[in-house]
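What follows is a single structure, written as structure tokens, with notes after it.
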Amino acid sequence: MTTRSALLVLADGRFPAGGHAHSGGAEAAVKAGRLRNAADLEAFCRGRLHTTGLTSAGLAAAAALGADPHELDTAADARTPSPALRAAARRLGRQMMRAARTAWPGPELDRLAAAFPRGAHQPVVLGTAARSAGLGPEDAAHCVAYETVGGPATAAVRLLGLDPFQATAVLARLAPAMDEVASEAAERAAVALVAGLDALPAASAPLLDLTAEQHAAWPVRLFAS
């Protein structure tokens, strides 16, 4: 049974899934001078949403539909060329798993945790958690779309001293784009269950991959990624 209250819990920034420790590439963008104000933040988030956000949302939607998690995790690896981002995705997957199994315990989450003791990719875990919570593929995709832009927006407040009202306004302006990405991801996931996982989105953001590797080598940083 679908419950929208479960969607709110899963998408809540206070859900203890570890996302607060990650900037989604914003910290590296700030240091490089590409993210300086609210306008830059909106452009950064919009680009991230339509690339890595769409890709991750498709994986989560497919997991919520019940696609094979091993195949999905392999697909996630193939869509994440940066070793640093793959490691971050698995760390976030472990934390998401801990929170999800406490909130919505169930056999599918138990099997996923047993199969990936070092952590599956976070979108795969999130989609499985959504399924365990009685949510559908578009719900899972919405969660990913929101966290794709919500994480950098929150990080920008801390990194730049950006007015939180401006950061929230950026998220509000991106709401229609988030809806579009979630809808496309859910549609592509439904096709992938019939045609194979190659039908899932595979949009990339090479600059995010490159800066993630640089960021991982910094001796001092505020965020884990």
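Quick note: residue numbers are just sequence positions, from 1. The analysis underlying the following values was restricted to heavy atoms, covering all of them including side chains, and did not include hydrogens, waters or symmetry mates. These numbers were taken from a predicted model, which means no experiment stands behind them.
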Heavy atoms from other residues, nucleotides or ligands near CZ of Arg94 exceed 12 (cutoff 6.0 Å): yes

Ionic contact status for Arg90 with Asp73, cut-off 4.0 Å: yes

N-O pairing of Arg86 and Asp209 below 4.0 Å: no

Backbone of Ala216 reached by a side-chain donor or acceptor of Arg221 within 3.5 Å: yes

Qualifying residues under side chain to side chain contact (heavy atoms under 4.5 Å, CB included), relative to Leu210, sequence neighbours excluded: none

Side chain to side chain, Met97 and Leu109, heavy atoms closer than 4.5 Å: yes

His70 ring center within less than 6.0 Å of Phe116 ring center: yes

pair Phe223-Glu27: side-chain heavy atoms closer than 4.5 Å: yes

Hey, can you pull the donor-acceptor pairs under 3.5 Å for the side chains in residues 6-13, sequence neighbours left out?
from, atom 1, to, atom 2, distance (Å)
Asp12, OD1, Arg14, N, 2.9
Asp12, OD1, Arg14, NE, 3.1
Asp12, OD2, Arg14, NE, 3.4
Asp12, OD2, Arg14, NH2, 3.0

Flag for Glu108-Thr128: side-chain donor and acceptor within less than 3.5 Å: no

Atom pair CG (Leu85) and NE2 (His22), whose distance is rounded to the nearest 0.5 Å: 10.5 Å

Leu126 side chain reached by Cys143 side chain, heavy atoms, under 4.5 Å: yes

Joint cluster assignment, Val124 & Leu92, ILVMFWY side-chain distance < 4.5 Å: no

Leu72 side chain reached by Leu197 side chain, heavy atoms, under 4.5 Å: yes

Side chains of Met178 and Val149 in contact at under 4.5 Å (non-hydrogen atoms): yes

Leu160 vs Leu35, side chain to side chain contact (heavy atoms under 4.5 Å, CB included): CA-CA, chis, key distance, verdict: CA-CA 9 Å; Leu160 295 171; Leu35 204 171; 3.5 Å; yes

Residue pair Thr55 / Ala202: nearest heavy atoms and the distance that separates them: OG1-C, 3.6 Å

Distance-only donor-acceptor check, side chains Gln166 and Glu42, under 3.5 Å: no

Hphob cluster co-occupancy, Val181 + Leu41, side-chain heavy atoms under 4.5 angstrom: yes

Pair Arg101 + Asp110, salt bridge at N-O below 4.0 Å: yes

Neighbour count >12 (heavy atoms, 6.0 Å) for atom CZ, Phe44: yes

All side chain to side chain contact (heavy atoms under 4.5 Å, CB included) counterparts of His142, not counting sequence neighbours: Glu138, Asp179, Ala182

Approximate separation, where rounding is to 0.5 Å, of Arg48 CZ and Leu208 CG: 6.5 Å

Single-linkage hydrophobic cluster, 4.5 Å side-chain cutoff, Tyr146 and Phe15 together: no

Leu54 vs Leu49, side chain to side chain contact (heavy atoms under 4.5 Å, CB included): CA-CA, chis, key distance, verdict: CA-CA 6 Å; Leu54 175 61; Leu49 178 63; over 6 Å; no

